[in-house]
Amino acid sequence: MDVPVLEITDLFVSIENKEIIKGMDLRIGKGEVHVIFGPNGSGKSTLLNAILKLPGYSIDAGEIRVKSKNIQDMTTDEIANMGIGMSFQHPPKIKGVTLRNFLNAINRSEDLDDEIRALSMEDFLERELNVGFSGGELKRAEVLKLYAQNPDLLLIDEPESGVDIENIAVISKAINKILQKETPMKLRERSAIIITHTGHILNYIDADVGHVFMDGKIVCTGNPKSIMEDIKKLGFVGCVAATKAEKDHT
Ligand code: ADP
Ligand code: MG
């Protein structure tokens with residue numbers, strides 16, 4: 001069996017001495033797409049930021065392994081270079097650096113012309129990165145960044161937040177392409193964690209596994225669409241009862 005791309009065991013993460021992640025486990029295999037649902041402020045972005053060890057996030061206990069390598073003593077740069085790419089929920093604006101400069105600096109793919117066109121970013125290349133970009137433009141630039149990074153594991157934080165329907169369709173199409181959704185599962189090289197507050201993105205991107213993150217840990221795991229149905233009917237807490245009922249039933 002393939003080595004998992006990401007393996008998280010009994011992880012505890014704090015920000016400014018406030019414990020946010022309290023003993024969570026997660027395992028992502030090659031080619032798998034996982035969605036994580038959860039209430040606002042529960043720590044979903046914290047999880048992604050901790051995987052890249054962004055400044056301010058303290059890993060207090062537990063383990064994060066990327067392709068079976070413990071990231072404990074690695075820098076953000078080294079972790080990213082192992083093939084992890086992030087699309088931020090709130091991408092930073094960088095004055096003085098154009099989108100073109102930025103893409104040139106991180107580019108690992110050969111030629112981005114098709115992707116730039118598919119995401120309608122032609123007119124943004126000479127603009128300062130994310131400065132004055134609308135919601136949809138920000139997320140399109142984030143997805144273009146993923147193309148350029150060519151990662152094996154994509155961390156995608158709330159791709160649909162602040163984005164209109166047309167942009168969601170464009171972004172999802174590009175993400176599906178990166179995730180090789182046209183290729184049989186066994187041949188897919190890339191994996192992803194997609195964070196979603198609304199679950200709306202599931203109408204556009206097929207996910208293999210769904211999780212609900214609450215109170216610092218994953219409280220249920222299952223089929224993404226049925227988890228979303230349970231959340232709609234019963235709220236985030238409801239999935240726990242529903243998953244238990246399903247298990248008792250089978
Ligand atoms: P989610 O993505 O699930 O909405 P976050 O991971 O962004 O949640 O935030 C989890 C908690 O951590 C929230 O209570 C938030 O206010 C807090 N938090 C996030 N970043 C910081 C920070 N830089 N300093 C202090 N608290 C923070
Ligand atoms: Mg968030």
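As the structure lists them, so they are numbered: ligands from 1, and atoms in each ligand from 1. Here the structure is a predicted model, which is why all the values come from computation and not from measurement. Basis for what follows: all heavy atoms, side chains included, without hydrogens, waters or symmetry-related copies.
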What protein heavy atom sits nearest [atom], and how far off is it?
atom	result
atom 16 (O) of ligand 1	Lys18 NZ, 4.4 Å
atom 12 (O) of ligand 1	Ile20 CD1, 3.2 Å
atom 7 (O) of ligand 1	Ser45 CB, 3.7 Å
atom 8 (O) of ligand 1	Gly43 N, 3.2 Å
atom 6 (O) of ligand 1	Thr46 OG1, 2.5 Å
atom 10 (C) of ligand 1	Gly41 O, 3.4 Å

Check the side chains of Thr46 and Asn49 for a donor-acceptor pair under 3.5 angstrom, ignoring hydrogens and angles.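 No pair is found: no donor N or O on one side chain lies under 3.5 Å from an acceptor on the other.
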Atom CD1 of Ile165: over 12 foreign heavy atoms under 6.0 Å: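 Atom CD1 in Ile165 is not crowded, with 12 or fewer foreign heavy atoms closer than 6.0 Å.
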Heavy atoms from other residues, nucleotides or ligands near CD of Glu122 exceed 12 (cutoff 6.0 Å): yes
Can you tell me if an N/O/S atom from Asn40 lies under 2.8 Å from the Mg ion (ligand 2)?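 Asn40 does not place any N, O or S atom closer than 2.8 Å to the Mg ion (ligand 2).
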The option among Ile21, Ile36, Ile15, Ile195 carrying the non-hydrogen atom nearest to atom 22 (C) of ligand 1 is Ile15
Please list, in number order, the atoms of ligand 1 under 4.0 Å from a heavy atom of [X].
X	result
Ser42	1 (P), 3 (O), 8 (O)
Pro39	3 (O)
Asn40	4 (O)

Taking a cutoff of less than 4.0 Å between a non-hydrogen atom of the residue and any ligand atom, is Gly38 in contact with ligand 1? no
Would Gly56 count as a contact of ligand 1 if the rule is a heavy atom under 4.0 Å away?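 In this structure, Gly56 fails to qualify as a contact of ligand 1 - no heavy atom is under 4.0 Å.
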Under 4.0 Å, heavy-atom basis, I'd like to know which part of Glu16 is in contact with ligand 1: side chain, backbone, both or neither. side chain
Taking the inter-plane angle between the rings of Phe133 and Phe124 on a 0 to 90° scale, is it parallel (under 30°), tilted (30 to 60°) or perpendicular (over 60°)?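 Correct class here is perpendicular.
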Could you check whether Glu115 pairs with Lys177 (Lys NZ or Arg NE/NH1/NH2 to Asp/Glu carboxylate O, under 4.0 Å)? yes
Glu126 with Arg100: basic N within carboxylate O range, under 4.0 Å: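 Salt bridge present between Glu126 and Arg100.
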Has the side chain of Glu137 got a donor or acceptor atom that lies under 3.5 Å from a matching backbone atom of Ser134? yes
The test is side chain to side chain contact (heavy atoms under 4.5 Å, CB included); show your working for Lys53 and Ile71 and say whether it passes. CA-CA 9 Å; Lys53 287 175 83 180; Ile71 65 161; 3.8 Å; yes
Please note down the angle at the Mg ion (ligand 2) between OE1 of Gln89 and OG of Ser45, to the nearest 10°.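 With the Mg ion (ligand 2) as the vertex, OG (Ser45) and OE1 (Gln89) sit 80° apart.
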Assess the residue pair Lys67 and Asp152 against the criterion (salt bridge (Lys or Arg N to Asp or Glu O under 4.0 Å)); give the C-alpha distance rounded to whole Å, side-chain angles, the decisive distance to 0.1 Å, and a yes or no. CA-CA 10 Å; Lys67 299 175 187 172; Asp152 300 320; 2.5 Å; yes
Are Phe213 and Phe37 near enough that their ring centres are under 6.0 Å apart? no
